[in-house]
Every structure is written in C-alpha cells, then in structure tokens.
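What follows is a short report on a single structure.
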Amino acid sequence: MTRKIAIIGAGPSGCYLAQALLKQDATVEIDIIDRLPVPFGLVRYGVAPDHQGTKAVSRQFARLFERQGVNFIGNLDICTGAHGGDISLDELRAIYDVVVLATGLSSDRKLGIAGEYLQGVVGSGVLTRAWNDHPDSEKAELPVPGKQLAIIGNGNVAMDVLRILSKQDHEYDGSDFGSHHAESIAAAKVERIEVIGRSPAGIAKFDPVMVKEIGKSAGLKFEIHDLDLGDASDAENPKIAALNGLAEIEPDETRCTISFRFGWSPVSFVGTDGNLTALHIARADGSETLELPCDMAVTAVGFSDDQRLGRMDLIDSAADLGNGRLDDGLYAAGWFRRGPQGTIPDNRSDSQVVAAAIAQDLANMPESNAPGREGLFARFDHLTDYAAWQRIDEHERASCAEGRLRNKLRTRRDMLKLALNVTETTQ
Amino acid sequence: MKINILYGTETGNSEMLCEDLESEFGDDHELEIMNLAEVDPADLDLSVFHVFVSSSYGDGELPASAKPFAEKLDNSDTDLAGLSFAIFGLGDSDYETFGQGSEQLADMLVKHNAQQVGPRVIHDAQGDDLAEDVAFPWFAERVAEAEAMSDAA
C-alpha cells in the first residue's frame with residue numbers, strides 16, 4: 001500500500017521535508033501543494049533578489065519534482081474555518097494519509113505603536129514580497145522612498161531591506177531584481193537611512209556578513225552610534241568588527257548616509273495629513289528621546305501567523321510539537337512549527353526531525369484507501385503542475401532584461417495563462 | 001578503487017553533489033559517502049583515498065555538518081600520515097570569503113600530515129556552470145592521480 005502524503009507549502013521547509021522523507025521511506029507518494037501557481041515559496045519570494053547564491057538551494061528542490069517522483073500541485077488554497085479558500089484542512093486530511101503544514105509565517109509582526117498605519121510605514125514582509133514580485137503584491141500600495149528613511153529592526157531581513165534601499169541601479173547584475181523596482185529606488189535619491197535596533201550592537205540579530213555586504217555599494221557613508229552600550233566595546237566581537245569596518249569607509253562622494261543606532265525603541269510614528277513625517281524613539285529606561293525625520297519607515301521586527309490555517313489552536317493542542325506531531329496524520333514543519341526563528345539551513349534540520357517522526361508513525365498507521373491527488377484532480381480543474389512551472393520558468397528567463405537572470409511574471413493571471421494554456425482563467 | 005567521499009553541508013548542496021558523484025562514478029569505483037557530522041577524524045581509514053566536499057557558510061565559516069569533525073581534529077594530535085585526500089569546495093564569489101570553508105578543512109588535514117592530491121577547486125554559485133559539471137572532470141583527474149600514486153607505491 002502506497003501512503004499518500006500532502007505537504008502544504010512548497011517553500012524550503014516543505015521541500016526539505018519531502019527530501020528527508022524520501023530518504024526515510026522511498027515508497028511514499030508525496031504531493032507538495034502551494035497556494036501560488038508556482039513552487040519554491042520563500043526561495044522565490046523571500047530571499048533577496050541579489051542573493052542568488054542562497055537561491056541555489058532550489059536546484060535541490062527542483063530535483064524532487066524532476067527526478068524523485070514528487071508531484072507539485074499549485075494554485076490550491078487550503079484554509080480552516082471562515083477563511084475561504086478552495087478546500088478546508090479537514091477535507092484535505094480525509095483525502096491523504098498524512099498532511100504536513102509547512103506554510104511558514106508570512107505576516108509582518110506589528111510594533112503596536114501610534115502612527116503605525118500612516119502612509120509611509122510598511123512592514124518588511126509586504127515590502128520584500130513586492131520587491132520579489134509576489135503576485136499578492138499586484139495591488140499593494142507601497143510607499144515611495146523619499147530622501148530620509150528609517151528601518152526598525154536589526155535582523156538579517158532589516159539588513160536586506162537596508163541593502164536594497166541603498167544599492168545603486170547598476171549594482172544588480174546577475175540578480176532577478178525587477179528593473180522597475182531598482183529604477184524607482186534609484187530615482188528617489190535617498191540621502192539618509194536611520195537603522196534602529198533595540199539591542200546593543202554586540203548582541204544585535206544580524207549576521208556580520210550581512211553588514212559587511214552593505215559596505216560594498218559605492219558612495220555610502222556610515223555613522224555608527226551607541227557602540228559604548230553593553231559589552232559593545234569589545235572589538236573582537238564580529239558584529240562590532242563589521243560595524244567598525246563600515247565606519248572606516250570614506251567615500252569620494254557621499255550619495256547617502258546610513259546611521260546605525262543601538263539601544264533605542266520606537267515610541268511612535270508621527271505624520272501630517274496621514275503621511276509619515278518622523279519617527280520618535282527612546283532609550284529603554286526613558287532617559288533620552290529622539291525625533292528622526294523620515295518619509296518612509298520599514299518595520300522589520302519579525303513575522304507572525306496569518307491565521308488562515310488556525311495555527312494557534314493546532315499548536316496549542318499539538319500531541320508532540322517537538323517532533324512536529326499535531327494530531328493523527330497531521331504534522332507541522334519549519335516556521336509553522338517552531339515560530340519565526342532560524343534560517344533556511346535551520347529549517348532543513350527541522351524538516352529532518354519531522355520526517356523521522358512521520359516515517360516512524362507510518363509504520364504503525366492502519367491501512368487506508370486515501371485517494372491522494374486523484375481526489376483533488378476529480379474536484380478541481382484549476383490546479384497547476386510542475387510542467388506549468390517549467391513553462392513559466394522558461395518564459396521568465398527568456399524575457400529578462402540585460403544583466404538580469406529572469407523577469408518574474410507579476411500576476412496570477414499571467415502565470416495561469418502560461419500554466420493552464422488558457423487565455424481566460426476560470427477563477 | 002575504494003574511495004570515501006565525505007561532505008560538509010549546511011543547506012544540502014554539497015550532499016547533493018556527492019550523490020551526483022555516486023551516480024556518475026559509482027559503477028567504476030567502490031564509493032562510500034558519509035556526512036562529516038558522523039565521522040570521527042581518529043576513525044579515518046588512512047589506506048583509503050578520501051574526497052572531501054565542503055561548502056562555506058556565513059562569513060567564510062565551515063558548514064554546520066563539518067564543524068564537529070573540524071573541532072575534534074583541531075583539538076587532537078591525530079596523525080593522518082599516509083592519508084591521501086582531494087578536496088572540492090562550494091562557494092559564492094559575491095563574498096570575499098569565497099571558498100574559505102574548504103580551505104580551512106584542507107589546511108587542517110595537511111597540518112595533521114595528510115597529503116593533498118591535486119588542486120582544491122571551488123564551484124562558484126555566481127558562475128554559469130553547475131557544480132557537477134565542474135566536479136566530475138575534477139574528480140576523474142584526482143582519482144587517476146590517486147590510482148597512479150597507489151600503483152607506484
């Protein structure tokens with residue numbers, strides 16, 4: 001009897017899970033299902049467009065579909081309760097022996113401070129998805145960068161945002177960053193970026209290599225404040241060393257100044273006529289406050305759940321969350337399981353742990369006649385497959401501008417045209 | 001010839017390359033593939049030709065699965081005299097620390113008296129070649145050299 005496994009989410013966690021599960025048990029039939037018509041999730045839509053080396057993991061994932069018999073089912077939205085979607089999680093569980101939730105956490109965590117909804121304030125998730133041409137961004141109204149920007153947060157996502165807002169148009173060769181984005185950022189001629197972190201520099205969340213990379217762009221000058229906080233004076237600390245490296249850069253001509261401030265918390269955004277004009281920050285002990293003028297502010301303070309799969313209830317009632325067991329035949333992996341911490345390699349290890357638990361449980365699972373993918377094909381005619389992705393991939397690579405690797409299709413409509421070979425979709 | 005292939009990986013790319021080496025050369029040679037995370041340097045069979053495949057991660061660091069091996073080797077006086085090895089790196093030339101993971105590993109093995117066969121070649125994630133397209137001819141050359149050495153001995 002072939003066990004039918006559905007993994008929800010075709011990003012790194014879901015793909016690593018399929019890879020690890022096949023190593024444990026080569027007889028299982030695995031479908032990786034995604035809400036989008038195309039696979040690879042965060043690798044395509046979250047990893048920065050100028051980090052193609054990081055995106056190289058998608059070769060491993062492509063192999064699942066091209067050689068290892070894993071099936072991709074795209075354009076299927078799975079939800080719980082009143083969230084709509086094509087099919088409920090319970091219905092899906094009735095079709096498969098095992099369902100694994102690996103949809104990540106994509107919503108921006110809010111700061112919960114005054115003015116957060118002013119025009120000009122945007123979450124890093126919304127912003128980077130738009131920069132990566134995620135189809136949900138088609139109608140997103142993004143703030144246009146002005147002369148003075150603020151970034152709140154000190155993690156690697158904040159560093160991605162800082163790098164992209166400070167790089168020049170011609171520095172994107174070999175990337176898949178849309179020219180339309182690069183040109184609009186360049187046109188803004190940003191003069192000052194304030195980067196605000198709550199922790200002292202020595203224990204900031206960024207990786208030193210991410211900070212060093214920012215210094216490679218020409219014409220940037222750096223002000224590093226607050227290095228005297230905590231143990232930050234330790235020059236051996238690689239984070240401090242990376243920041244000191246930036247401070248030593250002396251550009252011939254400064255086009256933009258980047259100011260790092262440590263040990264500050266955001267207090268409020270203030271604006272005029274609904275538009276952001278400044279960010280107020282304060283020391284944790286309230287000893288000092290500062291007003292930073294800015295016309296755009298990016299919050300990069302972590303991610304949270306969009307509630308569409310009822311994650312909190314599933315996590316609260318999980319049978320063995322440490323190994324990904326939520327309920328009989330229902331598992332979670334990656335950020336959906338652990339919360340929003342850890343890199344792509346961390347999720348690889350995570351998926352290996354969950355795959356081992358699934359393989360162990362499969363041995364004791366009663367026989368079933370779960371129809372698997374046939375149950376979906378019988379019900380839906382708008383699903384996309386891996387061959388559809390290959391057509392889209394080929395089109396994107398063939399239609400890109402000089403110096404770019406691909407020109408992403410930006411709407412579901414355009415993807416589905418190529419995917420389903422139809423001129424009008426049924427959606 | 002018997003060849004042990006040991007990989008250090010963080011994201012799985014090095015592991016995949018080793019699986020490709022097995023598909024390509026497994027019919028002609030007796031290959032054993034191991035994750036460095038599961039290898040103790042003191043247990044290396046010095047009479048067997050070893051091929052290491054290692055990426056770099058973060059700021060030119062060793063990948064996670066190679067770290068315990070490297071730490072054990074570094075903190076021991078394990079003598080690897082007699083061990084012939086070749087080493088292939090995976091890297092990203094966007095970073096000035098390109099290929100330093102495999103470099104660290106190579107230096108450490110040599111320091112413990114192992115003998116490196118042929119050049120350390122690094123596949124560049126920024127280049128147009130696939131890792132296997134660079135690694136296959138490199139591997140064939142290294143194996144030929146190792147065979148010549150064992151014939152001469």
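This structure is a prediction, so every number in the text was calculated from the model and none was measured.
The candidate with the highest count of non-hydrogen atom pairs below 4.5 Å against chain A, out of B:Gln126, B:Glu96, B:Glu132, is B:Glu132.
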*Residues A:Arg338, A:Asp346; criterion salt bridge (charged side-chain N to carboxylate O under 4.0 Å, His left out); working and verdict*: CA-CA 11 Å; A:Arg338 311 198 303 283; A:Asp346 294 328; 5.2 Å; no
_Steps toward salt bridge (charged side-chain N to carboxylate O under 4.0 Å, His left out) verdict (B:Arg142, B:Glu147)_ = CA-CA 9 Å; B:Arg142 299 295 80 74; B:Glu147 281 176 329; over 6 Å; no
*Going through the distances and angles, do A:Phe72 and A:Trp389 end up as a ring-ring contact (aromatic ring centres under 6.0 Å, His included)?*
CA-CA 9 Å; A:Phe72 174 67; A:Trp389 156 245; 8.4 Å; no
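If you measure heavy-atom distances from A:Arg63 to chain B, the contacts under 4.5 Å come from the side chain alone. There is no contact between A:Asn347 and chain B, counting heavy-atom distances below 4.5 Å. When heavy atoms are compared at a cutoff of 4.5 Å, A:Lys216 approaches chain B solely by way of its side chain, counted from C-beta outward. In this structure, the portion of A:Glu213 lying under 4.5 Å from any heavy atom of chain B is its side chain and not its backbone. Both the backbone and the side chain of B:Glu10 come within contact range of chain A, judged by heavy atoms closer than 4.5 Å. When heavy atoms are compared at a cutoff of 4.5 Å, B:Asp92 approaches chain A solely by way of its side chain, counted from C-beta outward. With a 4.5 Å cut-off on non-hydrogen atoms, B:Glu19 touches chain A through its side chain but not through its backbone.
Of the N and O atoms on the side chains of B:Asn35 and B:Glu15, not one donor lies less than 3.5 Å from an acceptor on the other residue.
Just one of B:Trp138, B:Phe139, B:Tyr7 meets the ring-ring contact (aromatic ring centres under 6.0 Å, His included) condition when paired with B:Phe88; it is B:Trp138.
Annotation: cation-pi geometry not satisfied between B:Lys2 and B:Phe49 (NZ/CZ under 6.0 angstrom from ring centroid, within 45° of ring axis).
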